[in-house]
Amino acid sequence: MKKLLKNLGLAEYYDKKLTLHTVLQIDKTSITDVSVQSLSDLPWLFLKRLMMLQRTARSVKCSSSDGGEDSEWDDDQEAESDCPQSVNPLDILTAVMCQFAVPLLLPNTDNSQITLMLWAMRDIVKKYIPHTLSDPSAFVEERIALSELPLVSFVRLGRCNISKSEILNKLLSNPQQYTDTFVHFNMDCGNINKKISNGLVEMAWYLPCGNTNIDVFPEPVAIANLRGDIQDFETQYTFLFEASTAVFVFFESQLLDSQLISVPSQKSTPQLFFVGDSNNNSIKATVNKLNLKKSNFIFKAKQNDADFVDKIQSKLQDAIKNNNHKMSVVRLAEIARKLGILVDEDAEECQRAKASAHEITSKINDIVQFKKEDLPLQGEILMKLKRKLREEQNETDISVTMSCFIKAISTPERAYFLKWLRIALENKSHEVLPQLRELYKQKYQDICGNKTEIAELDKKISNSSLGVEHFIREMSQLYEAAVSLPEYALYRKQLEHLPKLCAQLLLDGFSLELVDGDSSNIPEKLITSVFSELNTLVEPKNKIMVVTVLGVQSSGKSTLLNTMFGVQFAVSSGRCTRGAFMQLIKVTEERKAELQCDYIMIIDTEGLKSPELAQLDNSYEHDNELATLVVGLSDVTIVNIAMENSTEMKDILQIIVHAFLRMEEIGKKHKCLFVHQNVADVSAHNSNMRDRKFLLEQLDEMTEAAAKMENKLEVKKFTDLMNYDTETGDHYIPGLWHGNPPMAPVSIGYSESVYALKKHIMEIFKCYKPSTINEFLKWTKDLWTAVKFEKFIFSFRNSLVADAYMKLCTEYNRWDWTLRKQMHTWTLEAETNVLNHGKFDNSEKRTFEDFHCYLLREAESELSKGQDEIIAKIQSYYEQGEGHVELVESYRQDFINSAKSLKTELSNSIRIKLDAAVSRRNGMMRVEGIKKTYMDTMEKKVLNLLKNCREKKAHMSDSMLDEAFEKMWQETVRTLSYTGLQKQDIITKVLHHLRKNLESRGTKRESKDDYDDTYIREILNMIDEKLKAHEDLKLKEDFDLSLKLHICGFASREFQKIHNQFIQENNPRTALENAKQTYHSDFIDLYRERDQCQKKADEFMSNCLKPALEKYMSEVLGTEMADKMVTGENSAIFGTRTTFQQLILKNILDEFKFETYRRFINSYETYVKGFIFDKIREHFTAENRMIKLEEKVLNEVISEIIQAIEDTEQDPKINDIKGFIQDICRKLQKRLVIPRDVVDKISTLNNANPKKISEFLLCSVKDMDKSLKASFQARDFQSKIRHLQTKPQDVLFKRVQGCGKQCPFCKAPCEAGGEAHAKHFVSVHRPEGLGHYRFDDSKKLVTDICTSSVYSDSCFKCRDTNDKWHPYKEYSQIYPDWRIDPDPNKEPLDVYWKYVMAQFNEQFAEEYNAKPADIPSLWKSITKVNAEKSLKIEK
């Protein structure tokens, strides 16, 4: 063995082990493709390929090798080839001690000692899906050393013509996925004589993936393969015989009667199978002689390999089924010790380290509780104010656990200890983490639908994770606390050696946490001391280059670094790495001159979150800080893009662009490489040229937007920030696995692509000047200080996102308004139809109730259609991809929800209006019925009187006619029975509805209608809505009752008056008396045979059509005016809430009076409605727009009236005036509400000719048209608005008010688009003093602005926090519906309100009965121009 080790250049490692530090270092084999020239290079080439996950790692040979002669024996036989420049791969594997077979028993040919490699296998963790699992989504994840599995051994007796290892490879491989698990004769150098590896036992595992069409075996099985003849290695054979479930002996026929085939076992004997080339008489004789089972023999004979392998598979599966004997590697160690085989981890230093680790982990029963009690200086305590932090940490004694930890890493066996501890902690975490991570991965597929669950899972994973990094983190906080004590303090002296320990760990190849992922904290003092010690240890060899990887979570960043540099950063599904970890890799002397550095520092970061997830835990700021820090520290930044996460990556790119911009700002411009993972096409680089150009265009746009935000307008392109070339700056890497895990090997394409990336990075290093360790330390400290105190955030302030959101809001508001207007028109027509129902058509097809239900169904149908159209437009808007809509993808569902909310809102409104109309019509129908009875009776009496008078031959004078009419009238009235309406107790009814409202936990109308229960229900609903809008006030429970009692008491009295007035006006006898003069006049006219056409035409026009027309106009004009404001030249003002807010603030600034600001802040709704009214008046008084609109509406109705008259005149079926007038009313009943009793009064007792009256009606229509248009000119604007049923300012206010929520700190109104947005936001926040806030002690107004507060370390308290202090940064815990973006700008939008408060400080203080605020000096330098400029939105 010594001779071979010398030939391989490993002589110095005969008595000691290769260290991690040595294996990881960058040497000449790391980045070269030059063929190996000497045997001494072979082990390093093997290790290099192994670290890069190349499945061809064992195929290493010197280019000068001639190759041996072909041998008729397989790899397990003494091959005759013995080239001096060639080495069998198994000898290299044995010397340097993977989806390869790994050494189980390692022989030493010099002292015949055998070692079981348990310690080497402790790290291996496998995940698989046995077919016995009932849950299809379940899986098993465990350490392979602890797995209890059936062990099947394969050995050789003598020489056999069948290659055992090659057959084994086929046995373990799916036909579509062949893998060389074991080295065999036909591999490179497999025919070379084995010098030190005979007696080696290799171990492999078959692990199913859960797919019956792919899996070779349904359950996991362990395979052992002994190299060499069992006659020479009895100890190994005895070991395998005792441990195995079954043993397959590939035999030479002449040796079948060897005593070795029946070695006695202390336990149950495994099933023996004999595998031979062919059967013969000699074999049969031996079988009979030894009484062996014929069924246990397998002969290849003339079978091909596929059939032969199938036969072995079948036997193997039967053996496992018939024998429950299972074994773990840990239990194999017990057998090994009994047989005198050494176990690697029995070494004294390893056992001492194990005991130290056990002392710590034995206390862990509940991870969460353990972290709270034994690791108390991290987590929540790091979130608190820094001033209090050290005090609390120093008050906490060092725990027994941490004392054990620090003691253990201070010993020479710390490498053993850290591995033992890591394994034990991972075993604890594995009890809960795999299921959580798998669930996280599943939920992550639908971020929008599972936001809450993902947030909770993320927190559970974090809380249930426990690793060595938590102990290092605790140690760092102990050190941070200790160095804050005086130098003479004993506690400080006890911990002063920690930095040197950490520095040594870095040099030994271990990773160290740079950024605490749970609290976004860097232990500055420890890091400073560690790098100082590191510099001392390596000086003058202290030059370093830094490589960092950034990307979306779960995109393969850690795997990429592990493959590239052979490091072992943690990898897993779901949230993996937390924070940032650094690891040092040494550059060998031969590479230093070329790379110009002594060490390469690798920084692995946690995955940056998508915006959807960032909203859940407010991690935008954390991601920005992390990206900025690691980009700033790096010479080369790798941006990792997994194809399935490309959409999310666009969001992450914006964070990274901001980070690059800040580095450019301080003069640091480094290299950026984009790595596109899971791209398998061989022509990917060329075929993706267009995608790369598109990516660069996006990066340029993001850069320009970020530059505006950071006020760096000279930066226009991404290449102004980073050295990036579309030809060389992108690497395309195929998928990691070649087939289906867990049995799939790593793709050679993946390994080679990563290797090409590594070479490219090394070439980049040649062009850069490295930093010294001290320079890196200073840069880290300065950068972290900048990160902490700079206000880094990506939010609505980013002009690209702001523009995209604004455009989407504008489009949505347009669709919203279209449906609102459409349904307003439909509702008005439906109400009119309800109020006209049964008046002029006695042959109604539906009952009144059926008609009501029909209208409700039609309304629902129209609304559903409108909702679907809006949702389709939203989807189409996103699919078209215009206006950077991908940047606001997360708001798509908000707008869809808003469309659904709009439908619900309009549906409720329409139902209430139709119910009220139905109730009113029901009341009027009763009144009309009584009136009609009276009038019909009176009409008959008058006609009888007329007949009697005409029968008298004598001429009757007017006085005689009057006397006859009066006599008839009195007699008739006396005969009529009075059945008028009953008066009701309205107060009792109101209280009844109040009681019903309180159990379930509009306004007074200017109308001649009777009181209806819908009135009080509307008022109670309005009260409920107002109370809900102000639920943040935390009003007492009985306030609801008191308020409603007060309002209902007042309303009930007013409603009683309305009801009494209605009863009085609609008294049938009173109505009859009011009609007496009309009857008298008509009686005289009929007797004198006067033409009544003109008279009846005028009465119909003045008493019916004109009042109905005026009422119609009062109902539609308000909405028409609002429509003109929304869709006309003022559309920009009312397009979105944000633009409206910008305009109103500019207007107030132009006026710049304290009183105006006071009214705006303290009486927002009143002021804004007044502002809107002024805008409406300004628009409609200009160019006679109001009159033009009135005339336009009037002309439309006049045209319909004229058309109705002309159509009725042409109807041959109509031959009397009554039918004529009723037909006109019927044609107009969808537009105008015409009173039936008035029509009846006009159309009774007349002798007008229908043809002739139409001429007079047309003339009357023209007169009415002129009269109304003259009134338009005469009336002032204010009077016109006052008489409108729907006030345009109310409609527009509702549009710009939105949800009505106010910022919980400064009371600025929410500006988010749609009604059902997930988060409220405000573009311009105010100093909190403007909202009456003052300091408790000084009574001075507060100058804090909430956008700055939520970035700061300050706290607040209020009723919502139960008057307890709460960090502003965690405001979302108290106000989860609000999104307040920390202020990123040096001149933020909030400069507007800073200017206002600075100018009116004294006036606000006097108004609020407080003392003037202490205005910051910077505020006093703000000018009016600055304030106005800050309101502008970048286009």
Side-chain angles (χ1 to χ4, degrees), residues 17 19-21 23-24 117-127 141-147 329-330 344-345 347 349-364 367 370-371 374-375 378 401-402 404-434 437 461-462 464-476 501-502 504-514 516-518 558-559 561-562 566-572 575-584 602 604 606:
K17 295 186 178 181
T19 65
L20 181 63
H21 170 73
V23 171
L24 293 180
M117 307 297 287
L118 172 57
W119 180 244
M121 291 191 194
R122 286 280 188 183
D123 268 342
I124 303 175
V125 178
K126 290 288 187 178
K127 186 189 292 186
E141 182 176 8
E142 58 188 357
R143 291 194 177 277
I144 209 71
L146 301 176
S147 298
V329 180
V330 171
D344 56 357
E345 67 179 40
E349 62 270 26
C350 185
Q351 288 303 306
R352 284 199 303 269
K354 181 180 181 180
S356 298
H358 180 72
E359 186 178 356
I360 292 173
T361 56
S362 61
K363 303 173 185 177
I364 305 173
I367 291 177
F370 175 80
K371 287 166 79 172
D374 290 74
L375 307 177
Q378 50 191 293
T401 297
M402 284 309 300
C404 294
F405 178 81
I406 293 172
K407 180 182 176 183
I409 64 168
S410 303
T411 61
E413 58 264 16
R414 61 172 164 264
Y416 282 110
F417 167 74
L418 288 172
K419 180 173 176 178
W420 273 122
L421 182 61
R422 175 171 55 79
I423 289 171
L425 295 176
E426 286 178 0
N427 288 344
K428 293 283 185 183
S429 295
H430 274 157
E431 294 172 10
V432 289
L433 279 184
R437 282 178 175 153
I461 290 172
S462 179
S464 302
S465 299
L466 183 60
V468 175
E469 68 270 17
H470 292 92
F471 288 82
I472 299 287
R473 191 181 298 168
E474 186 75 8
M475 186 179 73
S476 70
L501 274 178
C502 293
Q504 193 59 56
L505 285 172
L506 273 175
L507 288 175
D508 289 345
F510 293 95
S511 61
L512 203 63
E513 189 176 56
L514 177 64
D516 178 346
D518 290 327
S558 300
T559 304
L561 286 179
N562 293 348
V567 291
Q568 289 184 311
F569 290 119
V571 295
S572 182
R575 293 282 277 163
C576 315
T577 310
R578 302 301 293 252
F581 288 82
M582 56 185 174
Q583 188 163 345
L584 273 183
I602 313 297
D604 184 27
E606 72 176 90

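This is a predicted model, so every value here is computed, not measured.
Taking the salt bridge (Lys or Arg N to Asp or Glu O under 4.0 Å) definition, one finds that Arg414 meets it with Asp508, sequence neighbours left out.
Inter-residue side-chain proximity for Asp516 and Glu513 is flagged as met; some heavy-atom pair is nearer than 4.5 Å. Looking at heavy atoms from C-beta onward, Leu418 lies in side-chain contact with Leu505 at the 4.5 angstrom threshold. Within the 4.5 Å cutoff, side-chain heavy atoms of Phe471 are placed close to those of Thr401.
In this structure, the side chain of Lys428 does not engage the main chain of Ile367 through any donor-acceptor pair within 3.5 Å. Looking only at distances, a side-chain donor or acceptor of Asp344 sits under 3.5 Å from a matching main-chain atom of Leu118. A donor-acceptor distance shorter than 3.5 angstrom exists from the side chain of Ser429 to the backbone of Leu466, with no hydrogens or angles considered. No donor-acceptor pair under 3.5 Å is formed between the side chain of Lys126 and the backbone N or O of Ser147.
Taken to the nearest 0.5 Å, the SG atom of Cys404 stands 11.5 Å off from the NE2 atom of His358. Between the CG atom in Leu146 and the CG atom in Asn427 there is a gap of 6.0 Å [rounded to 0.5 Å]. Once rounded to the nearest 0.5 Å, the distance linking CH2 of Trp420 with SG of Cys350 reads 5.5 Å. A distance of 8.0 Å separates OG in Ser511 from CD in Glu469, rounded to the nearest 0.5 Å. Expressed to the nearest 0.5 Å, how far OG1 of Thr559 lies from CG of Asp604 amounts to 9.0 Å. With rounding to the nearest 0.5 Å, the separation of CD in Gln351 from CD in Glu349 is 9.5 Å.
Tested against Arg122, the residues Arg422, Arg143, Glu345 include a single side chain to side chain contact (heavy atoms under 4.5 Å, CB included) partner, Glu345.
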Go through the steps to decide whether Tyr416 and Lys354 satisfy the test side chain to side chain contact (heavy atoms under 4.5 Å, CB included), and finish with yes or no. CA-CA 8 Å; Tyr416 282 110; Lys354 181 180 181 180; over 6 Å; no

Decide side chain to side chain contact (heavy atoms under 4.5 Å, CB included) for Leu584 and Ile602; before the verdict, give the C-alpha distance in whole Å, the side-chain angles of both, and the deciding distance to 0.1 Å. CA-CA 6 Å; Leu584 273 183; Ile602 313 297; over 6 Å; no

Stepwise side chain to side chain contact (heavy atoms under 4.5 Å, CB included) check, Met402 with Leu375: CA-CA 8 Å; Met402 284 309 300; Leu375 307 177; 3.7 Å; yes

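The neighbour count for Gln504 CD, taken as heavy atoms of other residues, nucleotides or ligands under 6.0 Å away, is above 12. In the displayed structure, Lys407 atom NZ is contacted under 6.0 Å by at most 12 heavy atoms of other residues, nucleotides or ligands.
In terms of heavy-atom proximity, Ala353 sits nearest to Phe417 at CB-N, 3.3 Å. Contact between Phe510 and Gln583 at its shortest, heavy atoms only, is O-CG, 4.0 Å. Residues Thr361 and Leu421 approach most closely at CG2-CD1, 3.8 Å, considering heavy atoms. The two residues Leu501 and Ile409 make their nearest non-hydrogen contact at CD2-O, 3.2 Å. Closest heavy-atom contact between Ser410 and Ile406: OG-O, 2.6 Å.
Both tests pass for Lys419 against the ring of Trp119: distance under 6.0 Å to the centre and angle within 45° of the axis.
A salt bridge does not link Lys127 with Glu142: every distance from a Lys NZ or Arg NE/NH1/NH2 to an Asp or Glu carboxylate oxygen is 4.0 Å or more.
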